[in-house]
There are 2 protein chains.
Amino acid sequence: MTASSTKASPPAARRRRKNNPESVRADILAVATREFSEKGLSGARIDEIAEKTQASKRMIYYYFNDKETLYLHTLEAAYQKVRLQEAELDLDHLAPLEALSRLVRFTFCHHAKNPDFIRLVMIENIHHGRFLAQSELIQSLNAGVIDVLSNVYSRGVEEGCFREGLDPRELHWLISALSFFNVSNQHTFSRIFDWHQAAPENQQKLEDHVTDMVLRYVRPD
Amino acid sequence: MTASSTKASPPAARRRRKNNPESVRADILAVATREFSEKGLSGARIDEIAEKTQASKRMIYYYFNDKETLYLHTLEAAYQKVRLQEAELDLDHLAPLEALSRLVRFTFCHHAKNPDFIRLVMIENIHHGRFLAQSELIQSLNAGVIDVLSNVYSRGVEEGCFREGLDPRELHWLISALSFFNVSNQHTFSRIFDWHQAAPENQQKLEDHVTDMVLRYVRPD
DNA sequence: GACTGAACGTACCATTTCGTACATTGTTGA
DNA sequence: TCAACAATGTACGAAATGGTACGTTCAGTC
């Protein structure tokens, strides 16, 4: 309308179509992540995802076959991203107590900074984990998580700063529970108890309490 | 078709319509609770709720104005039911340590036995607690919950079996987090770590750990 | 028994929503 | 250069879905 008109303007702002499969795919996935995590599988709309994308609806069905497959890929991508971040954590050179403390704080903060991921997991639980069950990828990704904690814990037991008899898997469960709940139930909890849970000072307090709680739980005596 | 035919059979299995507003309303609410908690606000279908009801779809719109209002009433009813159950708990005659232990175990078991309620709260959080915010009923219902815990805690501090300086609201947060997560993330956690979390023996273990964790957290030293 | 408003059933409508048919353009290798 | 396939745009279809119009029956009142 404004500048170059029909089709004889080759190089300029003509915006000729340019095939770029990977970026289109990534774009769709990014938008889908936002939409699904915000509205759930049934609440999200393919048309709306398409609109918010550079691509068209056709492309969604071209790269992902249907809504559920798109959702599954969204879930997988989210888990992959998480594992990548977790991999950066290097605890082996730290003393057990320091390492555990670092791990708890990392988990707490990580969840707090990635509400999209938390919400996807919530949504997946609403669906009874039926999509996660289909994904071998996610299953394999999560195998190593316990190992890290297990390693720290057994070192701590050896050095006498952790008490014996705890199951690393259950320890992980406790840490996850506290960190997860902080994001998943923030809205209802804040409203019911009239407490601005998301406020930085309250987040800091909760992080401290959670860390404190875990450390008190594992210490001898 | 089979027995009495047209309209001249008054008393028998003719199944004459019988007005019963309260029971119809309750029926709708019960079915809606199951459907919403299972599939979420957007996932649940009015037609399906109607089918599973003794009543017709028309009745849903007659008693509840639209889908969202029905959902809100479902949520309110769920919270009311919970508070009724909680009210049965009488802790004042127990020693602080015993009282707190009892409270934690009660919360843990209660959540485990009421997955519908937990799922509704999850769903409500997906919606940013926007419906809960509309309900003065729920707000008022939850006011007293902290008081019970607060009472137990301050008695414990006086008697020297709890350490000072803890905020009852935050203590409640910790107990809720552990009890809630046990239900909310059961599916993903079980699948990822190949661990049948719902199995009675594992539930018992978790209940013990959670209780233990809270008690260790509050004890002096 | 007539009357009235509440309680209820049936059929239907308008829109949304997932998905696809079909045509078109870009890209790559022989 | 040109075939062949990958990538993309446009328009549309069929079913699902929230909600309503309209009529009928029940139950209490005069």
Side-chain angles (χ1 to χ4, degrees), chain A residues 1 4 6-12 14-32 35-36 38-74 127 131, chain B residues 1 4 6-32 35-36 38-74 123 127 131:
Chain A
M1 276 309 181
S4 56
T6 46
K7 54 155 60 176
S9 50
R14 183 63 190 83
R15 204 141 190 62
R16 289 189 350 142
R17 202 186 95 194
K18 193 75 178 295
N19 285 0
N20 198 347
E22 290 188 24
S23 118
V24 169
R25 233 190 100 101
D27 183 22
I28 292 173
L29 213 50
V31 175
E35 289 297 303
F36 280 129
E38 187 59 28
K39 301 170 189 171
L41 172 55
S42 47
R45 301 291 166 225
I46 292 285
D47 287 279
E48 207 172 332
I49 294 174
E51 268 178 34
K52 296 184 178 175
T53 298
Q54 299 291 96
S56 68
K57 183 162 72 154
R58 180 69 184 79
M59 286 295 93
I60 296 176
Y61 287 96
Y62 184 70
Y63 286 113
F64 311 91
N65 298 316
D66 52 26
K67 196 186 186 187
E68 295 201 345
T69 306
L70 175 59
Y71 169 77
L72 178 59
H73 278 99
T74 296
H127 292 281
F131 295 92
Chain B
M1 278 303 183
S4 56
T6 47
K7 53 158 56 177
S9 50
R14 184 64 191 81
R15 203 143 190 64
R16 291 187 351 140
R17 204 187 93 195
K18 192 75 177 296
N19 285 0
N20 198 347
E22 291 188 24
S23 119
V24 169
R25 233 190 99 102
D27 183 22
I28 291 173
L29 213 51
V31 174
E35 289 296 303
F36 280 129
E38 188 60 26
K39 301 170 190 172
L41 172 55
S42 47
R45 301 292 167 221
I46 291 285
D47 287 280
E48 208 172 333
I49 294 175
E51 268 179 34
K52 296 184 178 174
T53 298
Q54 299 292 95
S56 67
K57 182 160 75 156
R58 179 70 184 79
M59 284 298 92
I60 296 175
Y61 288 97
Y62 183 70
Y63 286 112
F64 311 91
N65 298 316
D66 52 27
K67 197 185 184 185
E68 296 201 344
T69 307
L70 175 60
Y71 168 77
L72 177 59
H73 278 96
T74 296
I123 288 161
H127 292 282
F131 295 92

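These numbers come from a predicted model, not from an experiment. Order of the sequence lines sets the chain letters (A, B, ...), proteins ahead of strands, with each chain counted from 1.
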task: Give me the one residue out of A:K67, A:R58, A:K57 that meets salt bridge (Lys or Arg N to Asp or Glu O under 4.0 Å) with A:D47.
output: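 In the set A:K67, A:R58, A:K57, the residue that makes a salt bridge (Lys or Arg N to Asp or Glu O under 4.0 Å) with A:D47 is A:K57.
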
Take the protein atom [atom1] of [X] and the nucleotide atom [atom2] of [N], then report the distance between them rounded to whole Å.
X	N	atom1	atom2	value
A:K57	C:dC18	NZ	C1'	6 Å
A:R58	C:dT20	CZ	C1'	8 Å
A:E22	D:dA7	CD	C1'	13 Å
B:I46	D:dT20	CD1	P	11 Å
B:E51	C:dG9	CD	C1'	15 Å
A:D27	D:dT8	CG	P	11 Å
A:D47	D:dT10	CG	C1'	13 Å

Please report the shortest heavy-atom distance between [X] and [Y], naming the atom on each side.
X	Y	result
B:A55	B:D27	N-OD2, 4.2 Å
A:I46	A:I60	O-CD1, 4.0 Å
A:L29	A:L70	CD1-CD1, 4.2 Å

query: Which nucleotide sits closest to the side chain of A:R45: D:dT10, C:dT10, C:dC18?
result: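 Closest nucleotide among those given: C:dC18.
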
message: Within this structure, what is the CZ-CG distance for the pair B:F36 and B:L72, rounded to the nearest 0.5 Å?
response: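 Reported value, rounded in 0.5 Å steps: 10.5 Å.
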
- prompt: Just how far is it from atom CG of B:L41 to atom CD of B:E35, taken to the nearest 0.5 Å?
  reply: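 One gets 12.5 Å once the value is rounded to the nearest 0.5 Å.
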
query: With a non-hydrogen cut-off below 4.0 angstrom, is A:A50 in contact with a base, only sugar-phosphate, or nothing?
result: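 Contact class for A:A50: none.
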
query: Residues from residues 59-67 of chain B sitting under 4.0 Å of DNA chain C, heavy atoms only?
result: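 Residues of residues 59-67 of chain B that come under 4.0 Å of DNA chain C are, in numerical order, B:M59, B:Y62, B:Y63.
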
